[in-house]
Amino acid sequence: MLARIWSAALVGIDPVKVGVEVDVSNGMPGIAIVGLPDTAVQESRERVKAAIKNAGLSYPMRKIVVNLAPADLRKEGPSFDLAIGVGILAASEQVSATLLGDHLFVGEVALDGALRPVAGVLAIAAAAERLGIVAMVVPAANANEASIVKGLRVYGFDHLSEVTRFLNQPEAFVPHQSLPAVSWHNAIGMLDLADVKGQAQARRALEIAAAGGHNLIFVGPPGSGKTMLARRLPSILPELTFAEALEVTRIHSVAGLLKERGTLVRDRPFRSPHHSASGPSLVGGGSFPRPGEISLSHRGILFLDELTEFKRDVLEFLRQPLEEGCVTISRARQTVRFPAQFTLVASTNPCPCGYYGDSVQACTCSPIQRQRYWAKLSGPLMDRIDLQVVVSRLQPEEVTRSSGGEPSAAVRDRVLAARQVARSRFAEEAAPNQAPNQAPIQCNAEMQSRQIRQWCALTEQTRSLLETAIRRLGLSARATDRILKVARTIADLEQSTAIEPGHVAEAVQYRIVDRMQ
């Protein structure tokens with residue numbers, strides 16, 4: 001007898017519907033799995049066989065063929081175990097096949113029949129309507145995660161025997177009810193700008209970066225507070241919208257970071273890889289591509305501490321994602337696209353010894369050493385960093401002062417007001433001009449050439465000031481566009497419709513690294 005059950009495979013973070021066809025017929029007892037299964041899928045033969053027996057069910061001692069369609073798509077991981085097990089039970093007429101047409105089964109089975117959670121369930125659930133699925137059957141540990149998606153019935157079970165009872169008596173079960181979404185980045189959210197003493201210009205740069213989503217680098221001697229400042233940026237960022245939270249949670253689900261949580265991520269990600277990180281660990285990769293740090297930072301912050309300690313070729317991987325907001329990974333069998341709309345925040349010393357330009361300790365580096373040090377950061381990469389800020393050593397009276405600066409809550413209010421101005425502006429433009437599948441612009445840093453021309457118009461006085469800065473600093477066209485974006489954000493923070501000369505002058509001041517090298 002033949003049975004067909006639906007499951008799903010992931011290509012990047014996008015699910016593909018997979019038909020699990022199980023044929024039980026007369027012949028030499030055994031089971032064969034075809035359809036480009038990897039080792040983990042092949043091993044499901046033994047897991048499913050033991051699970052069915054230990055669940056008190058009958059494993060058919062006949063010839064069993066399992067086909068995973070489409071046959072030209074590589075299948076990986078243990079998530080097909082549940083579908084294969086249910087298919088064998090349906091083909092051997094131990095469970096009803098009534099619900100198999102529009103239900104999707106995902107999960108790993110243990111030898112005793114227990115169901116174990118798998119990665120990527122939220123990504124599959126989010127695409128259920130497109131896949132023609134009305135309900136999902138998943139391990140109980142994945143039920144909260146899948147039920148985040150509204151309009152989808154989710155049934156979570158702990159054991160294979162419970163799944164068989166559900167298939168035979170569906171009216172006796174009710175869908176899982178999702179829990180309220182919670183945040184799991186609270187440790188970072190607790191850091192407050194009130195802890196920071198002095199550093200007025202650096203604090204101002206953080207506010208501009210948060211309001212416009214601009215990339216930022218701090219340059220200064222050891223102990224000046226670069227890392228302390230950067231780690232407080234999440235405390236002044238707006239909370240994720242539901243659509244953004246769903247995007248972020250899908251990526252973390254595919255990466256396997258929600259197995260123990262199963263809830264919607266509400267705070268913006270903050271990722272801080274070590275400077276020994278490889279290129280694939282940053283952008284993603286592998287035989288079966290998985291998200292890297294830049295995709296795990298989507299809609300949040302990627303913090304690269306000691307930027308000049310990263311290998312130059314690794315840093316060059318950032319150029320395309322910073323410009324396009326996504327990363328494309330090509331393999332022989334498939335091409336995968338991961339979202340990567342993140343804000344880059346970096347910190348570095350001004351030279352190998354760390355004290356070039358310091359007011360107290362003399363630099364011991366030669367000009368050649370400093371040139372080689374900065375050569376790790378290419379011009380095209382630095383062009384993409386909007387805010388370049390020198391963080392100086394604190395004065396003794398600033399160090400001993402008991403109180404810090406303005407708290408994050410006050411700064412965050414101004415950031416939210418500026419972002420609301422930008423959202424209203426882009427919403428006004430989006431209706432007639434936005435492509436159907438194009439994500440709406442969320443902040444000024446995402447503006448393209450057309451939006452810059454439309455929303456960053458300059459007066460003659462402002463244009464003259466900008467042209468002078470371009471000539472004196474040798475700025476590229478890309479750097480000039482980024483100055484205009486920063487100026488637009490500064491104007492939004494001041495609730496100004498027009499970009500004034502003072503806004504451009506302040507934006508130009510943040511190209512300090514162009515003058516240090």
Side-chain angles (χ1 to χ4, degrees), residues 182-240 265-275 297 299-307 309 342-350 354-355 357-361 385-419 443 489-490 493 506 509-510 512:
V182 299
S183 166
W184 48 276
H185 290 292
N186 288 334
I188 291 176
M190 289 171 59
L191 301 176
D192 198 289
L193 277 175
D195 303 330
V196 179
K197 299 177 180 181
Q199 305 298 2
Q201 186 183 29
R203 291 172 60 98
R204 170 67 170 173
L206 280 178
E207 183 175 340
I208 296 171
H214 301 290
N215 302 320
L216 167 67
I217 183 172
F218 288 129
V219 182
S224 57
K226 304 184 297 293
T227 302
M228 182 180 187
L229 284 159
R231 289 190 177 278
R232 279 152 180 78
L233 178 56
S235 68
I236 60 174
L237 289 173
E239 190 179 69
L240 291 168
V265 176
R266 279 297 188 185
D267 290 334
R268 295 186 182 270
F270 185 95
R271 306 290 299 184
S272 182
H274 191 261
H275 60 75
S297 305
R299 300 298 179 189
I301 306 297
L302 176 66
F303 177 47
L304 301 183
D305 201 6
E306 302 297 341
L307 184 66
E309 297 300 322
F342 63 95
T343 297
L344 174 65
V345 178
S347 68
T348 185
N349 294 332
Y355 295 101
D358 186 48
S359 59
V360 176
Q361 188 162 338
I385 300 181
D386 309 347
L387 303 167
Q388 304 167 5
V389 183
V390 170
V391 182
S392 302
R393 180 195 296 267
L394 292 176
Q395 297 299 315
E397 57 271 18
E398 292 178 310
V399 176
T400 57
R401 189 171 56 193
S402 59
S403 61
E406 191 177 22
S408 292
V411 179
R412 189 170 184 264
D413 287 342
R414 295 196 296 271
V415 168
L416 292 175
R419 288 230 178 187
C443 54
T489 299
I490 295 171
L493 282 167
E506 182 177 0
Q509 290 179 3
Y510 296 118
I512 188 66

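Note that the structure is a prediction, hence the values are computed from the model and not measured.
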**Q** Nearest 0.5 Å please: distance from the CZ atom of R232 over to the CG atom of D192.
**A** 8.0 Å
**Q** Under 4.5 Å between any side-chain heavy atoms of R204 and E506, yes or no?
**A** yes
**Q** Have a look at S347 and tell me which of D305, V391, L307 forms a side-chain contact (heavy atoms from CB on, under 4.5 Å) with it.
**A**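 Looking at D305, V391, L307, the match for S347 under the side-chain contact (heavy atoms from CB on, under 4.5 Å) is D305.
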**Q** For the CD atom of E207 and the CZ atom of R414, what is their distance to the nearest 0.5 Å?
**A** 4.0 Å
**Q** Does a side-chain heavy-atom distance below 4.5 Å link H275 with L304?
**A**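 No, every pair of side-chain atoms sits at 4.5 Å or beyond.
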**Q** Provide the closest heavy-atom pair for R231 versus F270 in the form atom of the first, atom of the second, distance.
**A**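 Heavy atoms of R231 and F270 come nearest at NH1-CE2, 3.4 Å.
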**Q** Quick one: closest heavy-atom pair of L394 and G198, and the distance?
**A**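 So the minimum-distance heavy-atom pair works out to CD2-CA, 4.3 Å.
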**Q** Carefully, step by step, assess N215 and T343 under the rule side-chain contact (heavy atoms from CB on, under 4.5 Å).
**A** CA-CA 5 Å; N215 302 320; T343 297; 4.3 Å; yes
**Q** Considering only heavy atoms from C-beta outward, does the side chain of R268 approach that of L240 to under 4.5 Å?
**A**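 Yes, their side chains come closer than 4.5 Å.
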**Q** With a 4.5 Å cut-off on side-chain heavy atoms, are E306 and N349 touching?
**A**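 Counting from C-beta outward, N349 and E306 do come under 4.5 Å.
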**Q** How long is the span from the CZ atom in R271 to the CZ atom in F342, to the nearest 0.5 Å?
**A** 13.0 Å
**Q** I need the single residue from D413, D195, L193 that forms a side-chain contact (heavy atoms from CB on, under 4.5 Å) with S408. Which is it?
**A** L193
**Q** Which pair of heavy atoms, one from K226 and one from V219, lies closest together, and at what distance?
**A**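 Scanning both residues completely, I find the closest heavy atoms to be CD-C, 4.0 Å.
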**Q** Could you pull out the closest heavy-atom pair between R393 and Q361, with the gap in Å?
**A** NH2-CB, 4.1 Å
**Q** How about S392 and Q201: do any of their side-chain heavy atoms sit closer than 4.5 Å?
**A** no
**Q** Are any non-hydrogen side-chain atoms of E239 and R412 less than 4.5 angstrom apart?
**A**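 Yes. Closest side-chain heavy atoms under 4.5 Å.
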**Q** Looking only at heavy atoms, which two atoms of I490 and I208 are closest? And how far apart?
**A** CG1-CD1, 3.8 Å
**Q** Side chains of L302 and P273, heavy atoms from C-beta outward: is any pair under 4.5 Å?
**A**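 Counting from C-beta outward, L302 and P273 do come under 4.5 Å.
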**Q** If I compare all heavy atoms of P238 with all of L416, which pair ends up nearest, and what's the gap?
**A**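 The pair with the smallest heavy-atom distance is CB-CD2, 3.3 Å.
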**Q** Side-chain contact, heavy-atom cut-off 4.5 Å: L237 with I301?
**A** yes
**Q** In Å and rounded to the nearest 0.5 Å, what is the OG1 to CZ distance from T227 to F303?
**A** 4.0 Å
